[in-house]
Enquirer: 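If you scroll down you'll find the structure; I have some questions about it.
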Number of protein chains: 2
Amino acid sequence: MSLRHGLLGLLAEGPASGYDLARRFTEVLGSIWPAQHPKIYAELNKLAAEGLVEVESEGPRRRKAYRITDAGVVEVKRWLTEVDVDHTMRLQPLLRSLFFWMMDTDELQRHLEAEATYYRELADQYRDYAARKDRGEFGYSEQTQSMRVTIEAGIRLYSALADWAEWAQTVPPAKPTSPHTNG
Amino acid sequence: MSLRHGLLGLLAEGPASGYDLARRFTEVLGSIWPAQHPKIYAELNKLAAEGLVEVESEGPRRRKAYRITDAGVVEVKRWLTEVDVDHTMRLQPLLRSLFFWMMDTDELQRHLEAEATYYRELADQYRDYAARKDRGEFGYSEQTQSMRVTIEAGIRLYSALADWAEWAQTVPPAKPTSPHTNG
DNA sequence: CATGGACATGTCCCTAGGGACATATCTGAG
DNA sequence: CTCAGATATGTCCCTAGGGACATGTCCATG
């Protein structure tokens with residue numbers, strides 16, 4: 001149930017509407033913590049009912065901006081400091097890699113190339129983002145400083161995966177010619 | 001729905017029972033693709049009903065070993081080659097890092113140290129595994145070669161995260177002393 | 001003034017996954 | 001013989017998440 005705390009955390013930076021939050025989730029968090037807008041609106045209503053956030057203002061087009069309450073701030077901090085980190089990873093690409101031996105060599109090479117490209121592009125995106133931050137484009141608040149740390153993780157993670165996909169292309173399908181194997 | 005194909009893939013290496021598969025999932029795939037035994041048994045029954053696997057033998061303690069069928073092999077290969085890779089990542093530690101600015105410096109340092117240790121240990125585990133494979137301990141089949149590739153991803157991923165957690169400890173909470181900020 | 005498109009918020013249904021609980025079977029130690 | 005503990009397979013319920021679909025509101029353009 002991290003969406004809840006993700007929303008609270010984002011709202012701790014300042015008031016925002018569900019629409020704003022949905023945009024931030026797809027733009028910044030898209031590849032790290034995807035969230036669909038229906039879930040976001042639903043969760044915001046729950047949070048409001050529990051008094052962790054409140055409606056700050058109503059704008060045009062039925063827009064409702066939410067503000068985090070003191071109780072909400074307490075709750076995020078509790079989550080950050082007292083709740084164990086959930087290290088669950090669910091990486092389909094790695095699951096698939098267990099079964100590479102079932103693929104033709106050609107198919108596998110094409111697959112790995114596509115994977116490498118995909119990861120490399122994502123890494124580059126994050127790198128650009130980091131460069132803009134480092135140029136001061138987003139200011140020097142502690143919030144953007146944290147974002148910089150998150151972005152760095154994205155860079156390192158996706159670079160590692162890109163490198164891996166490239167490295168994997170050089171791995172022979174089975175133990176290379178050894179005089180006494182298969183013979 | 002990758003559990004389905006994960007099971008098919010593992011069964012493609014040879015017959016196994018739900019219990020065997022559950023063990024393999026927790027041992028090898030635990031940190032990459034967790035799966036609980038109830039889901040595994042349920043999925044195996046579905047797969048059997050669809051003719052993608054069949055009961056190979058019944059052993060002591062109600063043990064049922066399953067064997068993949070030709071249709072099952074076709075299905076894994078179809079998945080591997082024709083179905084788009086799902087790149088979804090859901091990394092709570094990175095989501096949390098967006099909110100590091102809400103934590104005390106001390107708490108954050110402790111947190112990052114614990115994270116670094118956690119990732120370093122996992123990376124080491126995978127490294128050991130890789131070393132044993134490279135020593136030939138698991139033979140030289142194409143299946144173990146694929147496993148070697150998966151393990152390499154684990155090493156690189158967790159090393160990257162460990163490095164990141166260490167690097168993050170050196171990042172100042174906000175822009176360091178600049179003459180005209182906050183003044 | 002009408003209408004396409006962006007803004008904004010939702011409902012609904014279905015599947016995947018977490019986890020507590022239940023149960024049967026066999027082995028080995030005492 | 002008994003009983004703890006490992007092996008082995010399940011049921012059940014609840015929540016999280018994906019995604020299709022619905023609706024309301026405002027603005028710019030012709």
Side-chain angles (χ1 to χ4, degrees), chain A residues 1-8 10-11 15-27 29-50 53 55-66 79 83-92 95, chain B residues 1-8 10-11 15-27 29-50 53 55-66 79 83-92 95:
Chain A
M1 205 173 34
S2 302
L3 174 59
R4 180 184 196 72
H5 296 103
L7 291 172
L8 283 176
L10 290 180
L11 285 173
S17 67
Y19 194 80
D20 297 334
L21 294 164
R23 234 186 320 108
R24 290 203 61 185
F25 259 93
T26 54
E27 283 170 9
L29 293 164
S31 55
I32 279 173
W33 198 271
Q36 318 282 331
H37 72 263
K39 286 294 154 181
I40 291 175
Y41 290 119
E43 195 62 49
L44 282 172
N45 283 325
K46 272 194 226 166
L47 288 168
E50 293 171 39
V53 305
V55 176
E56 180 234 14
S57 66
E58 310 212 359
R61 297 175 176 112
R62 313 172 74 202
R63 175 193 172 89
K64 272 185 293 180
Y66 290 89
W79 178 65
V83 177
D84 283 343
V85 181
D86 179 0
H87 288 105
T88 306
M89 249 187 220
R90 203 167 224 107
L91 302 178
Q92 207 202 61
L95 179 63
Chain B
M1 206 172 32
S2 301
L3 174 59
R4 180 185 196 71
H5 296 103
L7 292 172
L8 283 176
L10 290 180
L11 285 174
S17 69
Y19 194 80
D20 297 334
L21 294 164
R23 234 185 321 107
R24 289 204 61 184
F25 259 93
T26 54
E27 283 171 8
L29 293 165
S31 54
I32 280 173
W33 199 272
Q36 318 280 332
H37 72 263
K39 286 294 154 181
I40 291 174
Y41 290 119
E43 197 61 49
L44 282 172
N45 283 326
K46 272 194 224 167
L47 287 169
E50 293 172 38
V53 305
V55 176
E56 181 233 13
S57 65
E58 310 210 2
R61 294 177 180 113
R62 312 172 75 205
R63 176 192 172 90
K64 272 185 292 179
Y66 291 89
W79 178 65
V83 178
D84 283 343
V85 180
D86 178 0
H87 289 105
T88 306
M89 248 187 220
R90 203 168 222 104
L91 301 178
Q92 207 201 62
L95 179 62

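We name chains A, B, ... by the order of the sequence lines, and we start the count at 1 in each one.
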Enquirer: How many angstroms lie between atom CD1 of B/Ile40 and atom NE2 of B/His37, to the nearest 0.5 angstrom?
Expert: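 Here the interatomic distance stands at 8.5 Å.
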Enquirer: Any side-chain heavy atom of B/Val55 within less than 4.5 Å of one from B/Tyr66?
Expert: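 The answer is yes; the side chains approach within 4.5 Å.
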Enquirer: Are the side chain of B/Glu56 and the backbone N or O of B/Pro15 linked by a donor-acceptor pair below 3.5 Å?
Expert: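 Looks like no, no N/O pair under 3.5 Å.
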Enquirer: Got a sec? Which of residues 30-43 of chain A come in under 4.0 Å of DNA chain C, heavy atoms?
Expert: A/His37, A/Pro38, A/Tyr41
Enquirer: Show the numbers, then the answer: is there a side chain to side chain contact (heavy atoms under 4.5 Å, CB included) between B/Val53 and B/Leu7?
Expert: CA-CA 10 Å; B/Val53 305; B/Leu7 292 172; over 6 Å; no
Enquirer: Can you find a side chain N or O atom of B/Tyr19 that sits less than 4.0 Å from OP1 or OP2 on D/dT7?
Expert: yes
Enquirer: Taking the nucleotide of DNA chain D with the nearest heavy atom to each, does B/Asp20 or A/Ser2 sit closer to the 5' end?
Expert: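 Its nearest nucleotide being more 5', the pick is B/Asp20.
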Enquirer: How close or far is atom C1' of D/dT9 from atom NZ of B/Lys46, stated in whole angstroms?
Expert: 17 Å
Enquirer: Got a salt bridge between B/Asp20 and B/Arg63, using NZ or NE/NH1/NH2 to carboxylate O under 4.0 Å?
Expert: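 Counted as a salt bridge, because a side-chain N and a carboxylate O are separated by less than 4.0 Å.
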Enquirer: Indicate whether OP1 or OP2 belonging to C/dT23 is found under 4.0 Å from a side-chain N or O atom of B/Arg61.
Expert: no
Enquirer: Over all strands shown, is B/Arg23 touching base, sugar-phosphate only, or nothing at heavy-atom distances under 4.0 angstrom?
Expert: nothing
Enquirer: Does B/Arg90 place a side-chain N or O at less than 4.0 Å from the phosphate oxygens OP1/OP2 of D/dG18?
Expert: yes
